[in-house]
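Everything on this sheet refers to the single structure shown next.
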Amino acid sequence: MQRLKIQPTESSFSIDLNIEKGEFIFLGESRPENAPRFFDPVLDWLNDFENLMINSKRNYDLKVIFKLDYFNSTSTKYLVDISKVLKRIGDIDNVNQTVEWYYKEIDEDIEESGRELIEWTGLDIQLIPYD
Amino acid sequence: MHRSNEYISFFLDRFDVIYRNISIIKHETITHILADLKSSLEINFNLKKKIYSIVNELLENTLIHQSGDDSKVEIAILKSENAYRVITFNTSSLDESYDLLEYSSNINALSHSELKTQYKEKLLTGEINQKGTIGVGMELIRLKSKNKILISTEEYDDKRMIIIDVKIDID
């Protein structure tokens with residue numbers, strides 16, 4: 001599978017899904033003009049990756065990093081869907097996944113969103129504050 | 001817009017207008033207004049973020065429900081000692097305005113916990129609609145503002161003017 005790298009814009013995340021490095025990174029702000037056009041390829045890629053891991057015999061270490069500033073309500077829906085896929089990926093026996101959710105220490109909104117994703121999807125997320 | 005002056009004037013004994021913008025509603029307009037807010041609102045981080053989020057959801061709402069490609073939106077932010085108000089004025093078709101009124105009335109009738117449950121259920125099990133959104137913008141605005149959304153529509157030329165007014169109390 002090819003690495004999926006999406007450059008950030010003023011209204012969309014930077015996304016880097018790098019299989020070779022074992023690192024998936026989501027950064028920035030998300031309120032894309034056309035949310036399905038932006039997020040559907042990301043979900044398709046993650047679903048393909050899930051199938052790859054189900055059919056793979058080798059152990060795989062994966063670190064997922066979210067460091068987000070702001071996302072609108074529709075982007076929240078896509079983050080829920082992404083978290084559901086990550087939960088399934090993390091449940092695959094040969095995958096050793098960690099998910100880190102960074103939030104500014106004073107940012108109650110992003111911290112609460114991280115907690116909601118844990119509660120709503122069951123995804124094991126480490127909440128990590130930073131200055 | 002004459003009507004917006006009239007509406008805003010009702011609050012001027014208690015509120016100051018701290019931001020006002022009239023533009024053709026496009027994605028770029030929202031980006032521009034949000035950048036204005038980021039640079040001009042000098043208030044505490046979480047309150048600023050709350051206002052930023054409400055402004056964005058309101059403007060995205062006007063983009064979705066606009067009456068034509070060159071529709072204008074006016075946004076005003078008012079401030080008093082105890083609260084902010086974010087008010088949008090835009091035009092829409094009759095059907096769109098009725099749908100929005102019904103949707104907002106339903107949202108306003110819910111308690112905080114019912115609202116939170118509806119928001120969560122839509123995010124967990126809802127589908128993206130034909131407009132490319134999940135349709136929880138009003139729920140999010142109410143959850144963030146902790147107030148009812150004041151919405152009114154009235155005839156404006158051959159369309160409907162929609163006025164949405166959200167009050168955000170300063171904790």
Side-chain angles (χ1 to χ4, degrees), chain A residues 8-13 28-44 67-88 102-123 129-131, chain B residues 25-39 43-61 63-64 107 115-145 168 171:
Chain A
T9 69
E10 282 177 311
S11 60
S12 60
F13 286 152
E29 173 161 331
S30 180
R31 43 175 190 85
E33 184 168 11
N34 186 325
R37 194 183 298 157
F38 181 81
F39 281 108
D40 284 349
V42 178
L43 279 167
D44 289 345
K67 198 170 183 183
L68 311 176
D69 298 319
Y70 167 75
F71 39 91
N72 67 359
S73 55
T74 297
S75 300
T76 306
K77 163 66 180 165
Y78 281 101
L79 283 172
V80 167
D81 289 351
I82 287 168
S83 298
K84 286 179 180 174
V85 185
L86 290 174
K87 168 81 171 87
R88 295 200 303 268
Y102 289 86
Y103 64 94
K104 281 186 191 138
E105 212 162 26
I106 55 167
D107 195 335
E108 296 167 359
D109 181 44
I110 296 291
E111 182 186 1
E112 189 189 351
S113 297
R115 291 190 193 284
E116 285 173 343
L117 285 179
I118 296 169
E119 185 195 325
W120 295 351
T121 68
L123 179 64
Y130 67 95
D131 280 338
Chain B
I25 182 65
K26 291 188 291 191
H27 182 72
E28 294 74 17
T29 311
I30 299 176
T31 300
H32 172 75
I33 291 170
L34 292 174
D36 273 357
L37 289 185
K38 256 185 192 170
S39 60
I43 51 175
N44 92 58
F45 182 90
N46 287 304
L47 180 58
K48 182 172 182 171
K49 204 159 179 200
K50 196 182 281 185
I51 292 171
Y52 186 92
S53 174
I54 289 169
V55 166
N56 182 52
E57 295 293 338
L58 282 173
L59 290 174
E60 286 185 350
N61 180 67
L63 185 60
I64 291 163
I107 300 280
L115 191 64
K116 190 86 187 175
T117 302
Q118 178 165 306
Y119 177 70
K120 175 184 164 183
E121 286 308 309
K122 278 192 180 180
L123 290 175
L124 277 173
T125 60
E127 299 285 335
I128 297 293
N129 58 34
Q130 287 182 330
K131 289 173 176 172
T133 74
I134 187 62
V136 293
M138 288 295 177
E139 281 93 334
L140 186 65
I141 289 167
R142 256 213 78 193
L143 284 169
K144 287 203 177 288
S145 69
I168 305 143
D171 296 329

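A, B, ... follow the sequence lines: proteins, then strands. Residue 1 opens every chain.
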Is there side-chain contact between [X] and [Y], with at least one heavy-atom pair below 4.5 Å?
X: B/K144; Y: A/D109; result: yes
X: A/E33; Y: B/L63; result: no
X: A/R31; Y: B/L34; result: yes

Handout entry: Test: B/K116 and A/E116 ion pair at under 4.0 Å
Key = yes
Handout entry: Electrostatic pair A/E10:B/K38 at N-O distance under 4.0 angstrom
Key = no
Exercise for the section: Supply the atom-to-atom distance A/N72 CG to B/I30 CD1, rounded to the nearest 0.5 angstrom. Expected result: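 A/N72 atom CG to B/I30 atom CD1 measures 9.5 Å (nearest 0.5 Å).
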Exercise for the section: Could you have a look at A/E29, A/R37, A/E119, A/K104 and say which one has the most heavy-atom pairs with chain B under 4.5 angstrom? Expected result: A/E29
Handout entry: Interface residue of largest heavy-atom contact number with chain B, from A/D107, A/T76, A/T121, A/N34, under 4.5 Å
Key =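 Most pairs with chain B among the choices: A/D107.
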Heavy-atom closest contact ([X] atom, [Y] atom, distance):
X: A/K84; Y: B/L124; result: NZ-O, 2.5 Å
X: B/G132; Y: A/P36; result: O-CD, 3.6 Å
X: A/S73; Y: B/L140; result: CB-CD2, 3.9 Å
X: B/L123; Y: A/V80; result: O-CG1, 3.7 Å

Problem - Counterpart residues, side chain to side chain contact (heavy atoms under 4.5 Å, CB included), relative to A/T9 (two or more places apart) - result: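 Partners of A/T9 under the side chain to side chain contact (heavy atoms under 4.5 Å, CB included) test: A/S11, A/S12.
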Practice task
Please confirm whether the backbone N or O of A/K77 pairs with a side-chain atom of B/K122, one donor and one acceptor, at under 3.5 Å?
Solution key: no
Exercise for the section: Against chain B, label A/Y78 side chain, backbone, both or neither, depending on which of its atoms sit under 4.5 Å from a heavy atom there. Expected result: side chain
Handout entry: Options B/I128, B/T31, B/N46, ranked by heavy-atom pairs under 4.5 Å with chain A, top entry
Key =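 Most heavy-atom pairs within the cutoff with chain A belong to B/N46.
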With a 4.5 angstrom heavy-atom cut-off, which part of [X] approaches chain A: side chain, backbone, both or neither?
X: B/K48; result: neither
X: B/K49; result: side chain
X: B/E60; result: side chain

